[in-house]
Amino acid sequence: MIWEESFFERVFQITRLIPKGRVTSYGAIARALGTTGSSRMVGWAMSVSYAAKPSVPAHRVVNRNGLLTGKHHFGSPDRMKQLLEQEGVQIENDRVKNFKNIFWDPASLAELAE
DNA sequence: ACTTTGACTATAA
DNA sequence: GTTATAGCCAAAG
């Protein structure tokens, strides 16, 4: 088992696996960790991800609707949107365009990470 | 050890 | 489409 670390560390590892130009949801990450109901904890982990090393691409994590719920935690409300657009993710009205298409399920790589 | 909280999610109206 | 409510789990106070 590689994840003998705390819950946060596991979240960080999964989050760092998100491919560029893709996004995922908090619930999906939680489910990939085996703690399906702890989706809120995933978001909390992101709140401390600023101290994580290496940096965690928290901007690639949105809620299950593709809404940039955590944008307010990036210093500037538009920071998250800009970071995503930089990676080719189209944002419209604080929502990921074609979210269903670019959604990346961490569980797909969680098996390989083991 | 107890209470509060939080970047969520699912269901209902 | 929206808002409201409840369930959820782990860390912080």
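Letters A, B, ... are given to chains in the order of the sequence lines, protein chains preceding strands, and every chain is numbered from 1. All values below were derived from every heavy atom in this structure, side-chain atoms included, with hydrogens, water molecules and symmetry-related copies excluded.
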A:M46 has its side chain closest, among B:dC8, B:dA7, C:dA11, to B:dA7

Give one of base, sugar-phosphate or nothing for A:S25, where a contact means two heavy atoms less than 4.0 Å apart. sugar-phosphate

Check: A:L33 and A:F7 side chains under 4.5 Å, non-hydrogen atoms: yes

Classify the nucleic acid contact of A:F74 as base, sugar-phosphate or nothing, counting any heavy atom under 4.0 Å across all strands shown. base

Walking DNA chain C from its 5' end, the first of A:S39 and A:W44 to be reached, judged by nearest nucleotide, is A:S39

Rounded to whole Å, the CZ-C1' distance (A:R10 to C:dA10) equals 10 Å

Nearest whole angstrom, please: distance from the C1' of B:dC8 to the NZ of A:K71. 17 Å

For a quick test of reading the model: is some side-chain N or O of A:T69 closer than 4.0 Å to OP1 or OP2 of B:dC8? yes

A:R64, nearest nucleotide to its side chain (from C:dA11, B:dA7, B:dT9): B:dT9

For side-chain contact (heavy atoms from CB on, under 4.5 Å), just list the numbers for A:R60 and A:K20, CA-CA rounded to whole Å, side-chain angles, deciding distance to a tenth of an Å, and then say yes or no. CA-CA 8 Å; A:R60 295 179 188 154; A:K20 179 182 176 183; 3.9 Å; yes

Check the distance between B:dC8's P and A:N63's CG and give it to me in whole angstrom. 7 Å

With a 3.5 Å cut-off and just heavy-atom distances, do the side chain of A:R40 and the base of C:dC9 make a donor-acceptor pair? no

Separation of C:dA12 P from A:M41 CE (nearest whole Å): 8 Å

Counting neighbours of CZ on A:R22 that are heavy atoms of other residues, nucleotides or ligands and sit closer than 6.0 Å, is the number greater than 12? yes

Figure out the CZ/C1' separation between A:R31 and C:dA10, and round it to whole Å. 18 Å

Nucleotide B:dT9, atom C1' - distance to CG of A:L67 in whole Å: 13 Å

Pick the closest DNA chain C nucleotide for A:T36 and for A:V48 by heavy atoms, then say which residue is nearer the 5' end. A:T36

Okay, side chain of A:S25, backbone of A:A28: is any donor-acceptor separation there less than 3.5 Å? yes

Could you state the CG-P distance from A:N65 to C:dT3, rounded to the nearest angstrom? 13 Å

So A:A45, base contact, sugar-phosphate only, or nothing? Heavy-atom distance under 4.0 Å. nothing

Grab the CD-P distance between A:E9 and C:dA11 for me, whole Å please. 12 Å

For the side chain of A:Y26, counting heavy atoms from C-beta on, which of C:dA10, C:dA11, B:dA7 is nearest? B:dA7

For A:L67, the rest of its hydrophobic cluster, which grows through side-chain links under 4.5 angstrom: none

